[in-house]
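A quick write-up on the structure given underneath.
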Amino acid sequence: MTIQKKPAAEPLLAWYDRHHRDLPWRISPAMAKRGVKPDPYHIWLSEVMLQQTTVAAVKAYFAKFVGQWPTVADLAAAPSEDVMVAWAGLGYYARARNLKKCAEAVAFEHGGRFPETEEGLKSLPGIGDYTSAAVAAIAFNRNAAVMDGNVERVISRLYAIDAPLPGSKPAMKARVAAMTPDDRPGDFAQAMMDLGATICTPKRPACALCPFNDVCMALESDDPERFPVKAAKKEKPVRLGAAFIAVDTDGHLLLRRRPESGLLGGMTEVPTTAWTSRVDGETGVEAAPFAAGWQACGTVTHVFTHFELRLGVYRAQVSRGDVGAVHGFWAPVTNLDGEALPTAMKKAIAAAIPTAFSTPKG
DNA sequence: AAGTCGTGGAT
DNA sequence: TATCCAAGACT
């Protein structure tokens, strides 16, 4: 039985100085040494975008937001609809609603400055355990235990933690807190996450390159991929429905705004039936918003977090005078990029109007 | 406290 | 193709 050497921050920080990734919102260790400070607005914005989202997907959105709203005050003053349009395609739309609320709180209740403590940050909309610690550490150099999915994987392997997530989370966070240094806590947090993203990967980790390979209990046990242990997940049910693409004689498409809360809250949609199980053979066309010459355009499938959606798509050319009053609004088909359309809706529209978007994603 | 909330890339 | 899962928050 060998004695476990304790994982320490110093070797990781030395690794980070050599291997950190250059990201648009990040101040490199070299720049930091020259006294360059990160912009808390940039750190906060990137951290919210990065929640459950890949770095690759975030980059373009981060550039768009910073270009359109250079300061938190600009974002606070922006129309909510503009923010939703800019966020469209990134997913988890409650983040965009909370982003706007948080910007308003900072601009109008905190004098335009973000709180610098974990507690103060966590009191703001859309900022939870992870983001409050990350912003406190990275933007304000506070000693805060930052734990995301990457850190969970690194810690579970360093200590060969057999207890399944999410139950083992508190114990893991205690390990992170014990490791976090008073000097460079922000770099330590980013180093742990970079390590998880590039070395301590879910599959085939590059242990030979890892600064912790002399102290990692999972590596010593010869099966690091076994960690982290996670609770079993349940299967996704299928929901069915029909979507109706109504185009008027001037090339306008009938759209609706979804309720503010819940799935795709505050986003734009085409009229659909309820999304629920449907008896085989029924088309759904009987539930159209109004009578018209509805033509079937096939089916689109979209997978959400906890269910799979299959929408039968129907198209009709209509005269606006014939359909009477409708719930919704008419938008030119040539300007759908100006609408807050989630991906599922773009798929349905593209099935009926192949030329609506340059790509299915828009 | 378990369920709700998107999307796209990697394997 | 199926599965995982990525810098989680909210209820």
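Remember, it's a predicted structure, so these values are computed and weren't measured experimentally. Chain letters run A, B, ... following the sequence lines, proteins first, then strands; residues in each count from 1.
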(request) Give one of base, sugar-phosphate or nothing for A:Gly262, where a contact means two heavy atoms less than 4.0 Å apart. (result) sugar-phosphate
(request) Looking at every strand, decide which applies to A:Leu90 at a 4.0 Å heavy-atom threshold: base, sugar-phosphate, or nothing. (result) base
(request) Evaluate the ring-ring contact (aromatic ring centres under 6.0 Å, His included) criterion for residues A:Trp87 and A:Phe65: first the C-alpha distance (whole Å), next the side-chain angles of each, then the deciding distance (0.1 Å), finally the verdict. (result) CA-CA 9 Å; A:Trp87 195 276; A:Phe65 270 69; 5.7 Å; yes
(message) Please confirm whether the ring centroid of A:His252 lies under 6.0 Å from the ring centroid of A:Phe329.
(response) no
Which of these nucleotides, [options], is closest to any side-chain atom of [X]?
{"X": "A:Pro342", "options": "B:dT7, C:dA7, C:dA9", "answer": "B:dT7"}
{"X": "A:Arg21", "options": "C:dA7, C:dA9, C:dA6", "answer": "C:dA7"}
{"X": "A:Lys234", "options": "B:dG3, C:dA9, C:dA7", "answer": "B:dG3"}

Measure the distance from [atom1] on [X] to [atom2] on [N] and round it to the nearest whole Å.
{"X": "A:Met49", "N": "C:dA9", "atom1": "CE", "atom2": "P", "answer": "16 Å"}
{"X": "A:Tyr130", "N": "C:dG8", "atom1": "OH", "atom2": "P", "answer": "6 Å"}
{"X": "A:Met267", "N": "B:dG6", "atom1": "CE", "atom2": "P", "answer": "9 Å"}
{"X": "A:Leu263", "N": "C:dC10", "atom1": "CG", "atom2": "P", "answer": "18 Å"}
{"X": "A:Asp129", "N": "C:dT11", "atom1": "CG", "atom2": "C1'", "answer": "14 Å"}
{"X": "A:Tyr93", "N": "C:dG8", "atom1": "OH", "atom2": "P", "answer": "18 Å"}
{"X": "A:Ile138", "N": "C:dA7", "atom1": "CD1", "atom2": "C1'", "answer": "8 Å"}
{"X": "A:Lys346", "N": "B:dT7", "atom1": "NZ", "atom2": "C1'", "answer": "12 Å"}

(request) For the pair A:Arg184 and A:Asp17, find out whether any cationic side-chain nitrogen is under 4.0 Å from an anionic carboxylate oxygen. (result) yes
(request) Run the salt-bridge test on A:Arg257 and A:Glu81 with the 4.0 Å N-O cut-off and return the result as yes or no. (result) yes
(message) Under 4.0 Å from OP1 or OP2 of B:dG6: is there any side-chain N or O of A:His302 that close?
(response) no
(message) Please tell me if A:Gln52 has a side-chain N or O lying less than 4.0 Å from either OP1 or OP2 of C:dA6.
(response) no
(request) Return the 5'-most residue of the pair A:Ser46, A:Lys122 with respect to DNA chain C, ranking by each residue's nearest nucleotide. (result) A:Ser46
(request) Could you check A:Leu50 against A:Gly126 and say which one's nearest nucleotide on DNA chain C is further toward the 5' end? (result) A:Leu50
Please measure how far the [atom1] atom in [N] lies from the corresponding atom in [M], and state the result in whole Å.
{"N": "B:dG8", "M": "C:dA9", "atom1": "P", "result": "22 Å"}
{"N": "C:dA7", "M": "B:dA2", "atom1": "P", "result": "24 Å"}
{"N": "C:dC5", "M": "B:dC5", "atom1": "C1'", "result": "15 Å"}

Pick out the pairs of N or O atoms, protein on one side and nucleotides 3-5 of chain C on the other, that lie under 3.5 Å.
none

(message) Hydrogens and angles aside, do A:Glu47 and A:Tyr130 bring a side-chain donor and acceptor to less than 3.5 Å of each other?
(response) yes
(message) Within the 3.5 Å criterion, strictly below it, is a donor on A:Thr131 or A:Gln51 matched to an acceptor on the partner's side chain?
(response) yes
Is there a donor on the side chain of [X] or the base of [N] sitting less than 3.5 Å from an acceptor on the other?
{"X": "A:Thr53", "N": "B:dG8", "answer": "no"}
{"X": "A:Thr54", "N": "B:dG9", "answer": "no"}
{"X": "A:Tyr92", "N": "B:dG6", "answer": "yes"}

(request) Count the heavy atoms belonging to other residues, nucleotides or ligands that lie under 6.0 Å from NZ of A:Lys37, then report whether that count exceeds 12. (result) no
(message) Just checking A:Lys169: does its NZ atom have more than 12 heavy atoms from other residues, nucleotides or ligands closer to it than 6.0 angstrom?
(response) no
(message) Using heavy-atom distances to pick each residue's nearest nucleotide on DNA chain B, tell me which of A:Val303 and A:Arg204 is more 5'.
(response) A:Val303
(request) Quick one: do A:Arg226 and A:Asp162 satisfy salt bridge (Lys or Arg N to Asp or Glu O under 4.0 Å)? Show the steps, please. (result) CA-CA 9 Å; A:Arg226 187 163 73 84; A:Asp162 286 303; 3.0 Å; yes
